[in-house]
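Every value quoted in this text rests on a predicted model; they were computed, and no experiment measured them. All values below come from the heavy atoms of this structure, side chains included, with hydrogens, waters and symmetry mates left out. Chain letters run A, B, ... following the sequence lines, proteins first and then strands; every chain starts at 1.
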Amino acid sequence: MKENTPTEPKASLNFLEQIITNDLASKSTGGKVHTRFPPEPNGYLHIGHAKSICLNFGLAQKFNGKCNLRFDDTNPTREEQEYVDSIKEDVRWLGFDWEDREYFASDYFEQLYEFAVYLVKKGKAYVCAMTAEEISAHRGTPAIPGKESPWRNRGVEENLDLLDRMRKGEFPDGSHVLRAKIDMGSPNMHMRDPVMYRIMHAHHHRTGDNWCIYPMYDWAHGQSDYIEGITHSICTLEFEVHRPLYEWFLNALDLPHLKPRQIEFARLNLTYTVMSKRKLLSLVQDKQVKGWDDPRMPTISGLRRRGYTPASIRMFADRVGVAKRENVIEVGLLEHCIREDLNKNAPRAMAVLNPVKLIIDNYPEGQVEEMPAVINPELPENGTRMVPFSRTLYIEREDFMENPPKKFFRLAPGAEVRLKYAYIIRCEHVVKDADGEISEIHCTYFPETRSGLPSDKKVKGTLHWVCPEHALEAEVRIYDRLFSVPEPEEVEDGQDFRMHLNPDSLKVVKAWVEPYVGDATAGQHYQFERNGYYVIDPDSKTGHLVFNRTVPLRDSWTKVEKNK
RNA sequence: UGUCCUGUGGUGUAAUUGGCAACACGUCUGACUCUGAAUCAGAAAAGUCCAGGUUCGACCCCUGGCAGGACAACCA
């Protein structure tokens with residue numbers, strides 16, 4: 001089937017594009033742009049990472065450069081192959097290609113070690129035997145300068161020997177570290193002799209037991225960027241204070257080639273959402289959600305299962321923009337992006353989620369008509385599907401009111417509406433059960449108003465419907481926002497963000513859907529007309545359809561009602 | 001009582017570098033409609049954190065405040 005692919009030109013440049021444009025003009029990066037997306041494989045990617053992925057790969061695309069995928073795997077105690085796999089799947093799913101440039105910081109361990117030896121020989125690094133607690137105590141606070149380590153002025157030969165023995169495994173964890181010799185009095189904490197290597201006798205997912213010393217982030221990252229020929233190393237704001245250190249290492253190494261430059265941007269925040277890995281993990285562990293790919297999670301795998309498309313997420317990343325100021329994006333924008341994509345591309349179907357029986361008294365018993373229905377009015381060339389119509393139907397319970405308010409365009413005693421793709425009907429009377437609940441709505445139909453026939457008869461409302469005889473039963477999972485307040489992380493001391501969990505974030509209902517969706521497979525999107533966008537969940541099996549609600553249609557009627 | 005970063009409609013991002021603020025989402029009207037969707041037309045909404053200064057002219061430059069954020073893992 002044909003699909004709509006939205007593209008939009010962008011006039012002005014964001015601050016990253018401006019920097020790159022200038023660098024290109026001045027040839028300061030050799031006329032090249034080379035970025036990287038550097039996840040640590042210790043968890044699942046979320047929508048915030050998607051922003052970074054779109055930024056890094058997008059910038060490379062826009063300026064005819066390249067973008068690497070690099071796993072920042074310098075801490076063997078937290079990282080696993082499982083995460084490497086999920087990250088690759090997510091980046092690929094988002095639509096980006098790192099070609100053969102799949103790298104791991106752990107590939108550079110040997111090179112990094114040689115760099116470290118160089119710094120030791122230059123007198124710019126030393127082995128320190130203080131405990132973690134002592135180092136911490138000596139470091140001071142942001143407002144109070146630190147004190148120098150007693151080991152700071154050891155000779156080069158001794159440092160070399162100690163470093164060598166650290167690598168060989170002669171020392172237990174925590175007994176020594178290699179530190180850069182910078183300035184314990186620096187107002188920047190990160191410059192107070194930062195740790196470069198720590199001893200960890202741990203098995204690494206890629207290097208196995210080859211190493212028992214592992215580089216710290218600050219020591220590994222910039223040098224990895226350099227090794228890969230990265231020109232613009234784009235990261236989030238919290239690394240801003242690390243930049244002097246990033247540059248210090250690169251300078252101290254007296255490197256022959258072009259040095260990368262670190263540029264920071266403000267991370268994504270979303271209303272009604274938490275984004276920190278720790279908090280997301282706690283939701284999984286406490287079983288508040290069913291896993292990392294629960295459709296309520298802001299993880300890429302969760303959004304995918306929810307029914308978000310790669311195009312919608314890319315569009316979102318484009319529209320939120322990039323800057324250096326803290327921001328909180330309204331989820332409404334994300335929802336708008338998926339609606340825009342799905343409106344243009346998702347086939348329509350009729351589904352009734354909360355049925356009430358409707359009987360057309362003057363329609364021949366036993367007769368079934370196949371009504372042609374447009375698959376997608378935005379893509380008329382995709383044709384029509386046939387929907388069976390009969391004397392007894394299901395319509396949505398909320399589409400009928402015995403005592404309707406004014407401007408209620410739906411069904412009510414004496415009122416006329418169109419059944420979409422079929423006939424105009426008039427409600428004659430209702431039948432109630434013992435509890436006073438409406439069990440049948442009786443109507444008459446006007447044969448000359450059959451869809452497609454010329455008829456002057458006009459009605460204000462159009463209802464969707466389903467024929468119980470032919471409809472398929474389905475499980476529908478109606479998802480809503482996971483949190484009930486815009487900023488769930490804003491809690492008072494002693495309170496927990498989980499107090500803001502939305503108790504109604506998932507409702508499971510039984511529904512009836514028209515037959516033509518029957519042979520669709522997991523991941524297929526639909527618009528249930530007048531209701532919302534849905535996607536077939538991987539749990540779906542033949543004979544047991546499962547749909548997830550991605551997002552409801554905009555609804556100005558219930559909005560009007562609510563505002564009363 | 002340290003260092004660094006950031007302050008533009010409700011939200012986010014612009015203003016081609018000093019020429020009286022634009023776009024998107026949202027909101028509100030109205031049109032159209034066999035989806036109360038989509039689409040189309042229109043409106044309200046900031047005078048750019050504050051106070052000075054430079055200038056014919058400041059969101060943009062200078063000075064001083066104020067507010068918010070980041071930084072004290074052998075995490076990334």
| query | Quick one: which of B:G69, B:G2, B:U13 gets closest to the side chain of A:N327? | reply | B:U13
| For A:T444, all residues meeting side chain to side chain donor-acceptor pair (under 3.5 Å), sequence neighbours excluded | A:E428
| task | Decide whether A:Y246 and A:Q223 meet the rule of one side-chain donor and one side-chain acceptor closer than 3.5 Å. | result | no
| task | For nucleotides B:G30 and B:G18, find the distance between their P atoms and express it as a whole number of Å. | result | 46 Å
| message | Can you confirm whether the side chains of A:H138 and A:R152 place a donor and an acceptor under 3.5 Å from each other? | response | no
| message | I'd like to know if A:H190 reaches the base of B:A70 with its side chain, counting only an N/O donor and acceptor under 3.5 Å. | response | no
| Minimum-distance nucleotide to A:S12 side chain [options: B:C74, B:A14, B:C4] | B:A14
| said: Please classify the glycosidic conformation of B:G12 as syn (within 90° of 0) or anti (everything else). | reply: anti
| query | Is there a Watson-Crick or G-U wobble partner for B:C23 with both distances under 3.5 Å, and which nucleotide is it? | reply | B:G12
| query | Counting heavy atoms not belonging to A:K460, are there more than 12 under 6.0 Å from its NZ? | reply | no
| query | What class does the angle between the rings of A:H242 and A:H190 fall in, given that below 30° is parallel, 30 to 60° is tilted and above 60° is perpendicular? | reply | tilted
| task | Look at all strands and tell whether A:F265 reaches a base, only sugar-phosphate, or nothing, counting heavy atoms closer than 4.0 Å. | result | nothing
| query | If we take the P atom in both B:G19 and B:C62, what is their distance in whole Å? | reply | 16 Å
| query | So what does A:S186 touch, heavy atoms closer than 4.0 Å: a base, only the sugar-phosphate, or nothing? | reply | nothing
| request: Give one of base, sugar-phosphate or nothing for A:P215, where a contact means two heavy atoms less than 4.0 Å apart. | output: sugar-phosphate
| message | Which nucleotide wins on minimum distance to the side chain of A:Q527, given the candidates B:U35, B:A38, B:A76? | response | B:U35
| query | With a 4.0 Å cut-off on heavy atoms, is A:R325 in touch with a base, just the backbone sugar-phosphate, or nothing at all? | reply | base
| Any donor-acceptor pair under 3.5 Å joining the side chain of A:R418 to the base of B:U35? | no
| message | Using atom P in both nucleotides, what's the gap between B:G53 and B:G69 to the nearest angstrom? | response | 32 Å
| query | A:W557 on top of B:G36's base, within under 5.5 Å and under 30°? | reply | yes
| task | Indicate the ring-plane relationship of A:F109 and A:Y214, choosing parallel, tilted or perpendicular according to the 30° and 60° boundaries. | result | perpendicular
Atom pairs under 3.5 Å: protein N/O with N/O of nucleotides 19-26 of chain B:
none

| query | If you count the non-hydrogen atoms of other residues, nucleotides and ligands that lie under 6.0 Å from CZ in A:R450, is the total more than 12? | reply | yes
| What nucleotide, of B:C34, B:G2, B:A37, holds the atom closest to the side chain of A:S451? | B:C34
| Heavy-atom side-chain contact between A:P215 and A:Y108 under 4.5 Å | no
| query | What is the base-pairing partner of B:G68, counting Watson-Crick and G-U wobble geometry with both distances under 3.5 Å? | reply | B:C5
| Does the gap between the ring centers of A:F71 and A:F104 come in under 6.0 Å? | yes
| Among B:G36, B:A73, B:A76, which nucleotide sits nearest the side chain of A:F409? | B:G36
| task | Using the C1' atom on both, measure B:A38 against B:C32 and round to a whole Å. | result | 11 Å
| With rounding to whole Å, what would you report as the distance between B:A58 and B:A21 at their P atoms? | 13 Å
| field | B:U8 and B:C50, which share atom name C1', separated by this distance in whole Å | value | 15 Å
| query | When the C1' atoms of B:U6 and B:C59 are considered, how many whole Å apart are they? | reply | 15 Å
| field | B:U55: syn or anti, per glycosidic angle within 90° of 0 | value | anti
| task | Tell me which nucleotide among B:G69, B:G36, B:C34 gets nearest to the side chain of A:R530. | result | B:G36
| query | If we call it a pair only when both distances are under 3.5 Å in a Watson-Crick or G-U wobble match, what pairs with B:U35? | reply | none
| said: Need one value for A:F239: base, sugar-phosphate or nothing, where a base atom within 4.0 Å counts as base even if backbone is also close, heavy atoms only. | reply: base
| request: Just call it for A:T141: base, sugar-phosphate, or nothing, with non-hydrogen atoms closer than 4.0 Å on any strand. | output: base
| task | For B:A44 and B:C49, measure between their C1' atoms and round to the nearest Å. | result | 24 Å
| field | Sugar-phosphate only, base, or nothing, as touched by A:P38 at under 4.0 Å among non-hydrogen atoms | value | nothing
| task | Looking at every strand, decide which applies to A:V328 at a 4.0 Å heavy-atom threshold: base, sugar-phosphate, or nothing. | result | sugar-phosphate
| request: Cation-pi check, A:R70 to A:Y103: give yes when NZ or CZ is under 6.0 Å from the six-membered ring centre and within 45° of the ring axis, no otherwise. | output: no
| query | Using the purine O4'-C1'-N9-C4 or pyrimidine O4'-C1'-N1-C2 torsion, is B:A73 syn (within 90° of 0) or anti? | reply | syn
